[in-house]
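Take a look at the structure below.
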Amino acid sequence: MKQYGIDSIRNLCLLSHAGAGKTSLAEAILFTAKATSRLGKVDDGGTTSDYDPDEVKRQISLNLTMLPAEWQETKINLIDTPGYADFVGEVRAALRVSEGAVITICAASGVEVGTEQVWAYCQEASLPRLIFINKMDRENADFYRTVGEIQARFGPRCVPLYLPIGAQSDFQGIVDLLAMKAYTGSPAKEAEIPAAMQDKVNSFREKLVEAAAEVDDALIEKYLGGEELSLEELSRGLRQGTVSGRVIPILAGSALQNVGVISLLDAIRSYLPSPQEREVVIVSDSTEQKVTPSETAPLAALVFKTSADPYVGKLTYLRVYNGAIDSNSQVWNANRNEAERIGQLLLVRGKTQEPVSQLKAGDIGAVAKLGVTGTGDTLSGRDKPQKIAPVVFPEPIFSQAVHPKTKADVDKLGTALSRLVEEDLTLRVRKEPDTGETILSGIGETQLEVAAERMLRKFGVKVELDTPSVPYKETITASAKAEYKHKKQTGGHGQYGHVCLAVEPLERGSGHEFVDKIVGGAIPKNYIPAVEKGVNEAIHEGVLAGYPVVDIKMIAYDGSFHPVDSSDICFKIAGAGALKRGLAEAQPIILEPIMNIKVTVPDEFTGDIIGDLNTKRAHVLGMNPQDGANVIEAMVPQAEIMRYAIDLKSLTQGRASYKVSFSHYEEAPPNVTQKIIAEKQAQKQAEKA
Ligand SMILES: Nc1nc2c(ncn2[C@@H]2O[C@H](COP(=O)(O)OP(=O)(O)O)[C@@H](O)[C@H]2O)c(=O)[nH]1
Ligand SMILES: [Mg+2]
């Protein structure tokens, strides 16, 4: 592929609700632009975009994919994105490096939850966009109903630029409302505008002309004066309107039948901005500056994705904002303050890679096997270190415990997990100290399942995912005294250790404390550390269900010893034994972790969400309206919300979001306590069997 100047590049992402046809549309675009020679199908696992084995298997996109195409002297860096909410990290990364977006909407399903979500992301980023109403060939496809929904949700600035000719099994082609031309078939051939459509065409053209004229004072004057605007003037007005976000043109077609795709390519080229038309914030010498991307400025390139490629190893995706980056050069990583060696630069299209000697401002490419650089870093020249704000990824909200299957899997788990986390910055790994489990957190269940499959396929590590154990704790509610004598006479040398221990409850959150109040050498000083070790080990397992004991003071106040038979180990055993007895006497209870939860939910679901929280033993603290939604704040036992990401999605069709943080430990109610004890006993039985 030849090199393109900054004003001949369009970086844009395809966004939509899952299944609206982004990947199919990308395939049709590549085919139409002659970047590929055959039109692959999602259903056969044969698209350029969904090449990853996990994508082929599930027939959905899981990763962002670079799909560059050339169209009339313009390089279109198309980025296909996943529609499933679990993979929003990839969408965020794609948005970060795009100057525009094409929002695909299914003509039969209309505006869906995912459409609203990606719309909100575009709004947040002030991203110019086009709408492509896809699947015009499908049963129930209705362009006008869909336009109505779009305008009702997103406003009248969304205006049709094309109208479909026919629909469903009778879908034939499209009418260009600006040039007043009709095209039918695939490949498209110019045709007559059907006579029956003439009124509709005229009235929609009127709205389009008005929208295009409105953005420019000279044009609106001419228009209001009753003068006819030229095609060139209308086109200019429409471009200005689209780039500034005041107009959002709507197109129509069918990705599957490759209809309307030429017009989409034309619209991308004509109406979406070039990299030069979108300023970027660069931090250099600790000052922040908004600059217009330029080929002549010093190098600034943002790393927006890292992937573990089975063939080339680590692959790092770069978006060059300023200057140029050369193959086989040295650059500076300003985030890590380290030099980085750049090997062969690559243009990536799906799974194929084409070597290039240079990537210039505005363009997107990749490089293999970088040493220190990770997603979010900026590469620049050593003499002019610069940083570009990285992609902001959402915080993980759904966790699963990772159980390796075999010993070999245990050994390789750490490396595999760290590679996964490097690839997907919405994933986190941590070890839960209380339960000893390795916890993988992310956005949703499918994402974690895919991560587990990837671990097996890419790194040969087999794991099972399971709901994490709740880190319960135990404590006491009364003071008690207990003693334990460890005494054994075995042949010659015997064993002897004797400890009297008092236990007292401490305030919640105080941990544990050991006090030595032995007087008169009842237990000699040199054995006290052994007593302490014994009780401190024993508190790891409470007497109710084996959970760690907290908020307890343990006082050794008496005991006895034997001049010959006593030893450290005997006093350790005696200390532990005294503690177990003391705990049993001191009215032990189970403590459960309580979380703060903040659920942001559209008005109409507020009642359902509160009702559901109540069934989860939550204590609702308050509710505040915020940007047309309600923010519900509550405290809820952790045990009740281990799968909240899934519950909330099904309650609201994915229209709500939430955040949790640890609050405190609280006594579990009796029925919950009984259940926990019963479960623990069953588990012990199962382990014995
Ligand atoms: N009838 C019809 N089906 C389509 C069209 N575009 C996509 N599909 C089908 O819709 C499903 C989802 O398409 P896909 O491209 O994976 O959607 P994505 O999730 O947005 O990438 C697949 O079964 C496609 O074959 C279209 O224009 N017409
Ligand atoms: Mg897809």
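Throughout, residue positions are numbered sequentially from 1 according to the sequence presented.
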Can you find a heavy atom in the side chain of [X] that is under 4.5 Å from one in the side chain of [Y]?
X	Y	answer
Asp86	Phe398	no
Lys57	Arg457	no
Glu633	Asn624	yes
Phe459	Arg454	no
Thr115	Arg153	no
Leu256	Arg138	no
His512	Val535	no
Leu621	Met635	yes

Which heavy-atom pair separates [X] from [Y] by the least distance, and what is that distance?
X	Y	result
Trp119	Arg129	CE2-NH1, 3.2 Å
Val111	Ile105	N-CG2, 4.1 Å
Glu640	Lys616	CG-O, 3.2 Å
Ala545	Ile676	CB-CG2, 4.2 Å
Leu14	Ala26	CD1-CB, 3.7 Å
Pro471	Tyr665	O-OH, 2.6 Å

Can you tell me how far the [atom1] atom of [X] sits from the [atom2] atom of [Y], to the nearest 0.5 Å?
X	Y	atom1	atom2	value
Ser61	Asp54	OG	CG	12.0 Å
Glu541	Leu583	CD	CG	11.5 Å
Lys659	Met595	NZ	CE	14.0 Å
Glu423	Ser307	CD	OG	5.5 Å
Tyr121	Arg92	OH	CZ	5.0 Å
Asp142	Ile133	CG	CD1	9.5 Å

Going by atom types alone, do [X] and [Y] pair a side-chain donor with an acceptor below 3.5 Å?
X	Y	result
Asp551	Thr475	no
Thr23	Thr47	no
Thr65	Asp80	no
Lys22	Ser16	yes

NZ/Lys473: more than 12 non-hydrogen atoms of other groups inside 6.0 Å: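 It does: Lys473 NZ has more than 12 such atoms within range.
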Lys675 NZ: over 12 foreign heavy atoms closer than 6.0 Å: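 Count not over threshold, so no.
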Tyr547 and Tyr472 aromatic ring geometry - parallel, tilted or perpendicular at 30°/60° bounds: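 The rings of Tyr472 and Tyr547 stand perpendicular, inter-plane angle above 60°.
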Whether the side chain of [X] engages the backbone of [Y] through a donor-acceptor N/O pair (distance < 3.5 Å, no angle test) should be reported.
X	Y	answer
Ser254	Met136	no
Asn134	Ala255	yes
Gln151	Cys158	yes
Thr673	Ala668	yes
Gln59	Gly45	no
Arg428	Ser399	no
Glu432	Glu437	no
Asp411	Ala408	no
Asp409	Pro404	no

Steps toward salt bridge (Lys or Arg N to Asp or Glu O under 4.0 Å) verdict (Glu27, Lys41): CA-CA 8 Å; Glu27 190 67 15; Lys41 289 205 163 57; over 6 Å; no
Qualifying salt bridge (charged side-chain N to carboxylate O under 4.0 Å, His left out) pairs with a residue from residues 594-607, counting only residues at least two apart or across chains: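 For residues 594-607: none.
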Salt bridge (Lys or Arg N to Asp or Glu O under 4.0 Å) between Glu445 and Lys649, intermediate numbers included: CA-CA 11 Å; Glu445 197 172 29; Lys649 198 169 174 181; over 6 Å; no
If you measure from the Lys or Arg side-chain nitrogens to the Asp or Glu carboxylate oxygens, is any gap between [X] and [Y] under 4.0 Å?
X	Y	answer
Glu90	Lys305	yes
Lys458	Asp52	no
Lys481	Glu483	no
Glu666	Arg508	no

Trace of the side chain to side chain contact (heavy atoms under 4.5 Å, CB included) decision for Leu440 with Val463: CA-CA 12 Å; Leu440 183 63; Val463 298; over 6 Å; no
From CA spacing to verdict: side chain to side chain contact (heavy atoms under 4.5 Å, CB included), Leu613, Tyr644: CA-CA 10 Å; Leu613 282 172; Tyr644 197 60; 3.8 Å; yes
From Gln681, Glu679, Gln674, residue fulfilling side chain to side chain contact (heavy atoms under 4.5 Å, CB included) relative to Ile677: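 Single side chain to side chain contact (heavy atoms under 4.5 Å, CB included) partner of Ile677 among Gln681, Glu679, Gln674: Gln681.
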Side chain to side chain contact (heavy atoms under 4.5 Å, CB included) assessment of Gln400 paired with Met642: CA-CA 9 Å; Gln400 296 261 270; Met642 298 304 264; over 6 Å; no
Stepwise side chain to side chain contact (heavy atoms under 4.5 Å, CB included) test for Ile609 and Leu648: CA-CA 8 Å; Ile609 296 302; Leu648 192 64; 3.4 Å; yes
